[in-house]
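This report concerns only the one structure given below.
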Amino acid sequence: MMYFDNAATSFPKPEETVTSVLRFLTSTGGNPGRGGHAPSIDAARLVFDARERLTAFINGQQSERLIFTQNGTESLNLAILGLLGKGDHVVTTAMEHNSVMRPLDFVAKTRHVEVSVVACTKGGSLDLKALKDAVSRKTRAVIINHGSNILGTVQPLDRIRDAISGKLLIVDACQTIGNIPIDVRKEGIDVLCFSCHKALFGIQGLGAIYLREGVDPVPLKFGGTGSNSEHTEQPVALPDRYESGTPATPAIAGLLGGLNFIDRVGLGEIGEKKREAKERILEGLRRMRRIKVYGDVDGPHHLLPIILMNVEGVEPSEVGYACNRAGISVRVGLHCAPLAHRAVGTFPNGGVRISPGYFTGGDDIDRLLEVMRAIASQ
Ligand SMILES: Cc1ncc(COP(=O)(O)O)c(C=O)c1O
């Protein structure tokens with residue numbers, strides 16, 4: 001199998017991830033914070049380590065403000081549903097994923113939250129002047145997709161921070177974390193939402209949200225935390241306030257393995273390998289007739305290993321089908337980002353997304369290009 005869908009979830013996972021999950025399943029085993037016995041204490045220690053490591057990875061200040069969730073979507077739901085109330089105004093962008101747009105649609109309809117969507121260019125760049133103009137006195141928050149999951153374009157958070165002055169900045173870093181360095185303090189991020197199963201090399205079932213001190217959303221879930229069991233009231237202490245129920249401890253173990261892998265190889269080296277793979281694919285596609293590549297792939301903000309393309313006259317679904325038959329995994333359609341595809345001009349049929357990863361081999365790329373050439377020459 002030739003896997004080019006790392007923007008959905010990274011695959012294969014590094015050895016470190018696999019052994020860490022296996023070790024948890026075969027020897028640690030316990031439910032963290034749910035007992036005084038060794039398996040529970042060991043599991044709690046593992047969760048504590050992962051929380052500390054991940055907080056340091058984003059240069060957060062207090063690890064208790066790093067909350068584990070099920071995925072990037074749950075983190076964004078906690079931020080949006082937990083922070084926005086009746087009469088609030090929120091500004092967002094045309095590059096957003098449905099994990100932002102759908103909760104926003106919900107709060108717009110049920111809580112009369114006013115939503116302004118700032119346009120982006122065909123290349124995925126945000127109009128900073130329009131962003132500044134959209135922010136008003138009643139704006140409660142600005143939600144930004146840090147890196148586009150269809151174009152690979154990264155937004156300049158420092159300039160965005162300046163444009164929105166002191167407003168609450170909520171960042172969807174699902175595509176950027178692990179691909180480019182993120183520093184919540186330097187970049188003035190108030191709320192950072194992300195997945196742990198993409199470029200952090202964790203497994204599916206885990207996401208996280210980092211809340212700057214003073215940002216305290218209403219929890220999405222209430223229930224047992226293993227702490228304060230004498231009270232039927234939800235604890236106020238973090239992270240327990242937001243982590244009700246048994247956590248995805250095997251996935252948290254996997255994340256620790258992923259972070260170990262990143263430490264061993266280095267973010268720079270990992271990024272360079274992905275960049276080389278992306279360039280090699282782009283170079284091959286450029287030589288083919290009838291191939292259209294979208295976005296500003298040669299621009300300074302195209303920093304993610306994501307390519308969006310189409311074959312002229314061929315439906316993306318047909319390209320996907322032909323790739324599948326050849327054992328190649330690409331993702332076709334709208335990628336849960338209908339507004340972004342409208343901005344690019346690929347709505348409603350979408351496009352073909354190719355997202356190589358650290359483990360993408362040269363032979364896989366050759367085969368992918370061969371298959372694309374065959375489709376384009378039909
Ligand atoms: C930009 C962006 N935001 C949010 C998400 C949702 O993340 P998850 O699949 O972890 O819920 C994704 C997933 O692809 C994404 O690309």
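Read the numbers this way: they start at 1 and go in the same order the structure lists the ligands and their atoms.
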Please tabulate protein-ligand N/O pairs under 3.5 Å for ligand 1, atom names and distances to 0.1 Å.
from: ligand 1; atom 1: 3 (N); to: Asp172; atom 2: OD1; distance (Å): 3.3
from: ligand 1; atom 1: 3 (N); to: Asp172; atom 2: OD2; distance (Å): 2.6
from: ligand 1; atom 1: 7 (O); to: Ser195; atom 2: OG; distance (Å): 3.4
from: ligand 1; atom 1: 10 (O); to: Gly72; atom 2: N; distance (Å): 2.9
from: ligand 1; atom 1: 10 (O); to: Ser195; atom 2: OG; distance (Å): 2.9
from: ligand 1; atom 1: 10 (O); to: His197; atom 2: NE2; distance (Å): 2.9
from: ligand 1; atom 1: 11 (O); to: Gly72; atom 2: N; distance (Å): 3.4
from: ligand 1; atom 1: 11 (O); to: Thr73; atom 2: N; distance (Å): 3.0
from: ligand 1; atom 1: 11 (O); to: Thr73; atom 2: OG1; distance (Å): 2.5
from: ligand 1; atom 1: 14 (O); to: Lys198; atom 2: NZ; distance (Å): 2.6
from: ligand 1; atom 1: 16 (O); to: Gln175; atom 2: NE2; distance (Å): 2.8

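Contacts of Phe11 classified as ring-ring contact (aromatic ring centres under 6.0 Å, His included), with partners at least two apart in sequence or in another chain: Tyr3. The ring-ring contact (aromatic ring centres under 6.0 Å, His included) check on Phe201 picks up Phe261, with sequence neighbours excluded. Scored by the side-chain contact (heavy atoms from CB on, under 4.5 Å) test, His335 finds Asn149, Ile150, Leu308, Arg331, His341, Arg353 as partners (sequence neighbours excluded).
For Lys274 and Asn179, the side-chain atoms include at least one donor-acceptor pair closer than 3.5 Å. Asn31 and Thr246 are linked by a side-chain donor-acceptor pair at a separation below 3.5 angstrom, with hydrogens and angles left out of the test.
Test Arg185, Arg161, Lys167 against Asp190 for salt bridge (charged side-chain N to carboxylate O under 4.0 Å, His left out) and you get one pass: Arg161.
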